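Single-structure report; data block below.
Worth saying up front: this structure is predicted, and the values here are computed from it rather than measured. As a basis for the values below, the full set of heavy atoms in this structure was taken, side chains included, without hydrogen atoms, waters or symmetry mates.
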Amino acid sequence: MHGGQQLRLFNAHHDEYGFQPIVVLDGQGRFVTAVLRPAKRPGGKEIKASLRRLLRAIRANWSKTEIVLRADSHYCCPEVLDFCRSEGLDYILGVAPTTPLRKRKHVVALEISTKARYEASPKDGKARRYKEFYNGAASWSRVERIIARVEAGADGHDTRFVVTNLKQRNARRLYENDYCRLGQAENHIKSWKTHWRQTAPPARGLRQTSCACSCTPAPTGSCGACASRCRNVRCGVWRSSTRCACA
């Protein structure tokens with residue numbers, strides 16, 4: 001972003017000023033909502049507040065819908081895990097590959113065996129193996145089911161972790177079929193950013209979100225003009241606003 005817009009922040013990873021919005025899509029890649037926020041990693045309390053508001057809006061219309069939360073490691077924090085458990089949400093979240101996780105004996109053994117399998121038959125391409133176990137960070141309120149994915153190839157080995165409360169027993173399917181669908185969501189976010197009709201950041205003092213429809217992102221809620229164009233869900237789940245970026 002350019003200029004002195006409200007909420008802008010410098011992000012050292014990207015070496016730029018900008019925003020880092022929270023964007024939510026459903027399992028089919030359809031846009032649900034977005035929250036404009038500074039370019040920094042969201043904390044557990046902020047994520048929990050956003051999830052609570054989103055869950056309230058969804059269950060106001062579909063009270064019996066089963067919900068699975070899929071997100072990267074930014075969202076794997078004690079507040080989110082406890083919130084999902086208390087609200088009856090299923091989840092599969094990325095876990096940062098910390099030293100304690102990487103140094104566990106069975107993870108180290110899996111990395112060695114996967115590397116050996118690749119070296120024995122490099123023409124077959126990368127070797128990938130899985131291991132599941134129960135563990136918990138010191139900040140977590142309880143131990144969780146963790147799946148380790150180890151991939152070995154010409155560039156060495158790569159180890160990733162996810163945490164989940166899903167009941168399926170096959171670790172490979174959970175990782176490849178459930179968690180890796182997050183990659184497609186990231187493609188949708190890229191399309192949303194580069195191709196969809198966007199508006200300028202909202203006026204000072206207004207927080208920008210989007211209703212779950214084909215409307216343009218609008219400040220906290222949707223005005224009557226936005227609601228009249230909504231074809232997918234009722235904009236009434238959002239609070240009304242006196243100003244709207246899509247008007």
Side-chain angles (χ1 to χ4, degrees), residues 11-16 20 22-23 25 27-29 39-44 47 68-82 84-85 89-191:
N11 188 295
H13 177 74
H14 297 286
D15 196 30
E16 293 285 354
Q20 189 173 341
I22 294 177
V23 181
L25 301 102
Q28 302 301 317
K40 63 179 181 179
R41 177 173 178 155
I47 297 171
V68 178
L69 175 65
R70 178 175 54 240
D72 60 24
S73 59
H74 288 174
Y75 297 83
C76 185
C77 49
E79 294 86 350
V80 173
L81 294 174
D82 291 341
C84 290
R85 193 177 299 110
L89 301 182
D90 289 330
Y91 53 87
I92 182 164
L93 308 171
V95 181
T98 60
T99 299
L101 282 176
R102 293 289 303 272
K103 296 300 182 180
R104 291 182 65 90
K105 291 183 179 180
H106 46 263
V107 174
V108 174
L110 185 65
E111 291 176 344
I112 294 174
S113 62
T114 305
K115 181 180 178 180
R117 176 174 293 190
Y118 168 75
E119 292 175 347
S121 184
K123 294 182 179 180
D124 294 337
K126 294 181 178 180
R128 178 179 287 189
R129 300 186 69 191
Y130 296 86
K131 182 76 174 182
E132 67 172 87
F133 54 94
Y134 284 85
N135 197 3
S139 59
W140 295 0
S141 61
R142 51 172 284 179
V143 296
E144 301 280 354
R145 181 188 180 192
I146 296 178
I147 296 172
R149 187 275 285 162
V150 177
E151 185 176 83
D155 297 325
H157 66 268
D158 175 60
T159 304
R160 303 290 178 90
F161 299 93
V162 298
V163 59
T164 184
N165 67 339
L166 294 173
K167 304 302 182 182
Q168 295 94 314
R169 299 307 307 171
N170 190 298
R172 177 184 292 273
R173 290 182 180 178
L174 275 172
Y175 187 90
E176 295 183 357
N177 297 347
D178 292 285
Y179 181 71
C180 285
R181 290 174 63 187
L182 182 66
Q184 184 58 40
E186 291 172 348
N187 291 334
H188 291 310
I189 291 173
K190 181 179 179 180
S191 297

Measuring only between side-chain heavy atoms, which start at C-beta, is Y179 closer than 4.5 Å to L166?
no
Testing the basics here: between N135 and W140, what is the closest heavy-atom pair and its distance to 0.1 Å?
O-CZ3, 3.8 Å
How many angstroms lie between atom CG of L110 and atom OG1 of T159, to the nearest 0.5 angstrom?
7.5 Å
Does some side-chain heavy atom of L174 sit less than 4.5 Å from a side-chain heavy atom of R145?
yes
Return the minimal non-hydrogen interatomic distance between K126 and G153, and the atom names on each side.
CG-CA, 4.1 Å
Would you mind reporting whether I92 and L182 have side-chain heavy atoms less than 4.5 Å apart?
no
If we only count heavy atoms from C-beta on, is the V107 to F133 side-chain gap below 4.5 Å?
yes
Rounded at 0.5 Å granularity, tell me how far CG in D158 sits from CZ in R128.
9.0 Å
Is there a side-chain contact between F161 and R102 (heavy atoms, below 4.5 Å)?
yes
What are the two closest non-hydrogen atoms of S141 and D82, and how far apart are they?
OG-OD1, 2.8 Å
I want to check something: taking the side chain as every heavy atom from C-beta on, are H157 and T114 in contact at a cut-off of under 4.5 Å?
no
From CA spacing to verdict: side chain to side chain contact (heavy atoms under 4.5 Å, CB included), C84, L69
CA-CA 8 Å; C84 290; L69 175 65; 3.8 Å; yes
Which atom of C77 lies closest to which atom of I47, heavy atoms considered:
SG-CD1, 4.4 Å
Compare every heavy atom of A96 with every heavy atom of S73, then report the nearest pair and how far apart it is.
CB-N, 3.7 Å
Is any side-chain heavy atom of R129 closer than 4.5 Å to a side-chain heavy atom of R117?
yes
Nearest-0.5 Å distance, CD of residue E144 to SG of residue C76:
8.0 Å
E132 side chain to Y175 side chain, donor-acceptor N/O pair below 3.5 angstrom:
no
Count the heavy atoms belonging to other residues, nucleotides or ligands that lie under 6.0 Å from CZ of R173, then report whether that count exceeds 12.
no
Could you grab the distance from atom OG1 of T164 to atom OH of Y91, nearest 0.5 Å is fine?
7.0 Å
Using side-chain heavy atoms (C-beta onward) and a distance below 4.5 Å, is H74 in contact with Q20?
yes
Looking only at non-hydrogen atoms, find the nearest pair between L93 and R70 and report the distance.
CD2-C, 4.5 Å
